[in-house]
Amino acid sequence: MYAGQGFVFPAVLARCLVAPALRLKQALGKGIRRYHVAPVLCQRAKVAMSQFEPNEYIQYEKLEKNINIVRKRLDRPLTLSEKIVYGHLDDPIKQDIERGKTYLRLRPDRVAMQDATAQMAMLQFISSGLPKVAVPSTIHCDHLIEAQLGGEKDLRRAKDINQEVYNFLATAGAKYGVGFWKPGSGIIHQEVSKVVGGLSLRTTPILASCLLARIPIPPMAVAWGGICIGVGGADAVDVMAGIPWELKCPKVIGVKLTGKLSGWSSAKDVILKVAGVLTVKGGTGAIIEYHGPGVDSISCTGMATICNMGAEIGATTSIFPYNHRMKKYLAKTGRAEIASLADEFQEHLKPDPGCSYDQLIEINLSELKPLINGPFTPDLAHTVEEIGTVAEKKGWPVDIRVGLIGSCTNSSYEDMGRSAALAKQALAHGVKCKSQFTITPGSEQIRATIERDGYAKVLRDVGGVVLANACGPCIGQWDRKDTKKGEKNTIVTSYNRNFTGRNDANPETHAFVTSPEIVTALALAGTLKFNPEVDFLTGADGKKFKLEAPDADELPKLEFDPGQDTYQNPPKDGSSQHVDVSPTSQRLQLLEPFDKWDGKDLEDMLLLIKVKGKCTTDHISAAGPWLKFRGHLDNISNNLLIGAINIENDKANSVRNALTQEFGPVPDTARYYKKHGVKWVVVGDENYGEGSSREHAALEPRHLGGRAIIVKSFARIHETNLKKQGLLPLTFADPADYDKIHPVDKLSIVGLKDFAPGKPLKCIIKHPNGSQETIILNHTFNETQIEWFRAGSALNRMKELQKH
């Protein structure tokens, strides 16, 4: 259920996840008043989880009860993260709780999925045979819209090209009780933040509520004291099926903020700083919990920006305590009554005094400088004042081809306003952008509001193109025309991710991530050698001028303009709804069960590829043009590991076929092995599978005959996704053993009959000269996950249990 799904767990929002109160009143009429009685009775009142699910209530009393049980058991102060996560335990009395050690069984409040990964999630749910989802779930159409000409034209084109997929998602949603946000609604993170409260899983999740999301990036709702956790499709299916969801008990990294943001520094600089400190894997297995007096200087949407980019440091999710900035945001979005409830239960929406963190980072916001991270990785941090010099020294292009603002991370009203403030200054001096400039509104509500308030016009006047309310270039959905593949160039974005080839499939594009206002300033100057704090631009009259630090309203003075109505509510009874998947479709394919484990050790497996260096889910299963095949497992498997570098020849998508001794594409070689009944394995480096949570990176190797992935370390979501599909994700007990394996070796994994939690497995390396070496491989499987392996996949195991 990855790459675009998630779960939500609420806390602030233990009742906060209720949809905007104002719209809820409009939807239900005067009857809504019965939910909000005298303040003294608020704790007993029923509050809807969202305006679109008026009969689904936030279970705050249960949350509070669970927190009290766990606090008594542990006999210590709790962090905010622990309150929300432990508040959603399936069995708070008997659950073993040890941070970083035990596996928790949780009950998320809802699931959110984006359209690219929702296809596979819904196909898996259909395979389960269940009639309807057990928790509120939604599909958000944001990934399949390619940026090409501009918002309206690109949206029309996407609706035409993807009609088959959109129809499948809409009808499947109607049949199985899943809400459907039509194309043009906006990016999943932004949409979830507008309408829900609670723990969510996402393939984008939220917690006081707990949300699971089919995307790895925690949605904006985490900025109101909720927890959102990115997961794979199989995880989403578990929750939609009413099965407790498993998560290794997360550690908690505290980030204490002091001082106050001012001038050119922004919320984006906070997470860029943290990324520089922790690196892309420093947050793995942990929740990042921000606290301290500096929190109050950050807007609610600014907190969302920080949380949203937490996935880039490997974090399970990120969270802020509830405060007056969140209350202000809730009130402006029609949820003042929810904010009032949150005020009454603030003790559950902040950490206990004296709580302990596994690691503590301190940042003085008053000393924080504007940062720009990259290229090729989001944790390579530089100050804006030094980046020009560093780029020249490193040989990175300093001329900026394109500046891109918006996306899931930075497309709030405040973000757009700060960029527009700079654009106004430039226009007053007759200056337009020297670089190409694009703007991606995060939602239909933001698009409509910035159009009404004039921001969009100003950004167009300075040379910008307003794209559709979708992910667009951030995920590689960009029909870029200004460069050729292989041409060295630089772009700057306000996105969250900048891996090689991520935005435009060009491995020579040097992508840097920074705040929207810095992107705008650099696009005006056209070069990385411009520091807006001290450098000058030249006006049309030849006179020098300096940009003043941008200032903009946190929220609009008027109410938000909701724009077009783009939501399809599922009918109460969708049993008669027909869902059509053509057997000849090139976009959709019904799933066949994976084969069960045969009870034997995995002997003499061939090495498909020994990966050199970084291997993200983009390397394993590329996005961009491949997104159209996300619902067709066999077709999308043709991109398996085509971006990974083969250590044997330092090339991408070129591996030796051990049976023919010829070099060829990775997917073709895997298919050849599968056709000839040969099992194979992949060997990788550190943090294998970082980045997007797309489960296709686990489905594809399983589909093409893979049996194990052996690496130095895994990214959290990818490791779980591999387990869900019946593969063996294993790690070297001694990382140096990576060097013992050569591309021409055969590998045997033995001891599977005694496969047990905490018990390592042995790997026998057979070299071509007849010599052998034995190494030890560790794993993190628990009993339930071992049952998945034996059954062939988690979905197979679910079906076995249904028969009993």
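Owing to the predicted nature of the structure, the values given are computational and were not obtained by experimental measurement.
- Between Thr305 and Asn308, the closest side-chain pair of non-hydrogen atoms is not below 4.5 Å.
- Test Asn496, Asn498, Thr409 against Glu312 for side chain to side chain donor-acceptor pair (under 3.5 Å) and you get one pass: Asn496.
- Ring pair His382/Trp396 is perpendicular by interplanar angle, where above 60° counts as perpendicular and below 30° as parallel.
- Summarising the local packing, NZ of Lys273 is surrounded by 12 or fewer heavy atoms from other residues, nucleotides or ligands at distances under 6.0 Å.
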Practice problem: Decide yes or no on side-chain contact (heavy atoms from CB on, under 4.5 Å) for Leu522 and Phe512, but give the supporting numbers first. | Solution: CA-CA 11 Å; Leu522 294 178; Phe512 295 84; over 6 Å; no

Quiz item: Val255 and Ile363: side-chain contact (heavy atoms from CB on, under 4.5 Å), yes or no, with the steps?
Solution: CA-CA 7 Å; Val255 180; Ile363 298 175; 4.1 Å; yes

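- Annotation for Gln163: atom CD does not count as buried by contact number, only 12 or fewer foreign heavy atoms lying within 6.0 Å.
- Panel note: side chain Asn506, backbone Glu487; a donor-acceptor pair is recorded below 3.5 Å.
- Ring geometry for His140 versus Trp181: interplanar angle under 30°, hence parallel rather than tilted (30 to 60°).
- We find that Glu508 and Lys484 are not joined by a salt bridge, their nearest charged nitrogen and carboxylate oxygen being 4.0 Å or further apart.
- Atoms CG and NZ, on Asp535 and Lys546 in that order, are 9.0 Å from each other to the nearest 0.5 Å.
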Mind listing the side-chain donor-acceptor pairs of residues 462-474 below 3.5 Å, one per line with the distance, residues two or more places apart or on another chain?
residue, atom, partner, partner atom, Å
Asn469, ND2, Gly184, O, 2.9
Asn469, ND2, Glu444, OE1, 2.9

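- Considering Arg325, Glu554, Glu414 as possible partners of Ser299, the one that fulfils the side chain to side chain donor-acceptor pair (under 3.5 Å) test is Glu414.
- With salt bridges taken as basic N to acidic carboxylate O contacts below 4.0 Å, none links Arg401 and Asp399.
- Scanning for salt bridge (charged side-chain N to carboxylate O under 4.0 Å, His left out) contacts around Lys182 gives an empty result, with sequence neighbours left out.
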Quiz item: Between Ile298 and Leu257, does a side-chain contact (heavy atoms from CB on, under 4.5 Å) hold up when you go through it step by step?
Solution: CA-CA 10 Å; Ile298 304 174; Leu257 303 178; 3.8 Å; yes

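- No donor-acceptor pair under 3.5 Å is formed between the side chain of Asn373 and the backbone N or O of Val513.
- No more than 12 heavy-atom neighbours from other residues, nucleotides or ligands sit within 6.0 angstrom of CD on Glu152.
- Judged as a side chain to side chain donor-acceptor pair (under 3.5 Å), the pairs with a partner in residues 522-532 (not counting sequence neighbours) are, in order, Glu392-Lys529.
- A salt bridge does not link Asp561 with Arg452: none of the charged nitrogens is closer than 4.0 Å to a carboxylate oxygen.
- Closest of all the heavy-atom pairs between Lys485 and Ala505 is CE-O, 3.2 Å.
- Taking a cutoff of 4.0 Å between a charged side-chain nitrogen and a carboxylate oxygen, Lys614 and Glu690 qualify as a salt bridge.
- The two residues Asn410 and Ser494 make their nearest non-hydrogen contact at OD1-O, 3.3 Å.
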Practice problem: Give the intermediate values and the outcome of side-chain hydrogen bond (donor to acceptor under 3.5 Å, both in side chains) for residues Tyr495 and Asn503. | Solution: CA-CA 10 Å; Tyr495 304 161; Asn503 304 117; over 6 Å; no

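- Between Lys457 and Asp461, at least one side-chain nitrogen of the basic residue sits less than 4.0 Å from a carboxylate oxygen of the acidic one, meeting the salt-bridge criterion.
- Minimum heavy-atom separation, Asp296 to Asn323: OD1-ND2, 3.0 Å.
- The shortest side-chain heavy-atom distance between Pro378 and Val280 falls under the 4.5 Å cut-off.
- Considering only heavy atoms from C-beta on, Ile319 comes within 4.5 Å of Glu289 through its side chain.
- Scanning all heavy atoms of the two residues, the minimum distance from Phe545 to Ala426 falls at CZ-CA, 4.3 Å.
- Residues Ile405 and Asp415 have side chains not in contact (no heavy-atom distance under 4.5 Å, counting atoms from C-beta outward).
- Aromatic ring orientation, Phe320 versus Tyr290: parallel (interplanar angle below 30°, classes split at 30° and 60°).
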